[in-house]
Amino acid sequence: MATWQCVKQCGACCHLDPQERPDLEEYLSPEELKLYLSMVGEGGWCIHFDHSNRSCRIYPDRPRFCRVELETFRNMYGIEPEEVSDFAIDCCHQHIESTYGRRSIEMLRFNSEVYGASGR
C-alpha cells in the first residue's frame, strides 16, 4: 500500500508556472491567487525555491496552497482524509513528470519512497 510523502530535494511542486495550472482560480481565493502569482519567478519557478540545494527558503512559513495537509486538501479540493494520500501521489506524479520527466531520477526517488523497493 502506497503512502504519500514528500521527497527532499525534488521541488517539482515549486514549479508554479500558471500556464501549467489553468484551474488556479477554482481552488485559490482571490488573495491566494494574487500571492501565488507574486511568487512565480524566472522560468515559472517559485521565487522562494533555492535551486542550489533544491529546497524551500520559507518552508515553515509557506502559504496554505503549498501545504500537503488533511485540512488543506479538504478545504481546497474537497478531498476527504482517506483519499489524501492517493490524491497527493497522483499530484506528485503529474508535477514530477511535467517538470523532470517520467523516467527522471526525481520520479525514481519518489516512487521508491512511496512504494518501497518495488518502486511501483
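Note: hydrogens, waters and symmetry copies are ignored here, and every other heavy atom, side chains too, is used. Residues take their numbers from the sequence shown, with the count starting at 1.
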Any heavy-atom pair between the side chains of [Y] and [X] that's under 4.5 Å?
X      : Y      : answer
Arg64  : Met76  : yes
Ile105 : Tyr100 : no
His93  : Asn111 : yes
Tyr115 : Ile89  : yes

- [ ] Can you label the angle between the Trp45 ring and the His15 ring as parallel, tilted or perpendicular, going by 30° and 60°?
- [x]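 Correct class here is perpendicular.
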Is the side chain of Arg109 donor-acceptor paired with the backbone N or O of Lys8 at a distance under 3.5 Å, no angle test?
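Between the backbone of Lys8 and the side chain of Arg109 there is a qualifying donor-acceptor contact (under 3.5 Å).
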Specify the closest pair of heavy atoms between [X] and [Y], including all atoms of both residues, with the distance to one decimal.
X      : Y     : answer
Arg67  : Tyr59 : NH2-O, 4.3 Å
Ile58  : Pro63 : CD1-CD, 4.2 Å
Cys92  : Trp4  : SG-NE1, 3.1 Å
Glu106 : Cys10 : CB-SG, 4.4 Å
Ile47  : Val40 : CG2-C, 4.2 Å
Gly11  : Phe49 : CA-CE1, 3.7 Å

Problem - Of Val84, Asp86, Thr72, the residue whose pairing with Ile79 passes side chain to side chain contact (heavy atoms under 4.5 Å, CB included) - result: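 Output: one option passes, namely Val84.
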Rounded to the nearest 0.5 Å, what separation is found between the CG atom of Leu16 and the NE2 atom of His95?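 That separation rounds to 9.0 Å.
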If you round to the nearest 0.5 Å, how far is CG of Leu33 from OH of Tyr27?
->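 Spacing of OH (Tyr27) from CG (Leu33) equals 9.5 Å.
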Requested in this report: Test Arg74 against every option in Glu69, Glu83, Glu80, Glu82 by the salt bridge (charged side-chain N to carboxylate O under 4.0 Å, His left out) rule and name the one that passes.
Outcome: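 So the option named by the test is Glu80.
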Margin query: Other residues, nucleotides and ligands only: do more than 12 of their heavy atoms fall within 6.0 Å of CD on Glu42?
Written below: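 No.
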Taking side chain to side chain donor-acceptor pair (under 3.5 Å) as the definition, give me every residue that meets it alongside Gln5, ordered by chain and number, with sequence neighbours left out.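 Gln5: no side chain to side chain donor-acceptor pair (under 3.5 Å) contacts found.
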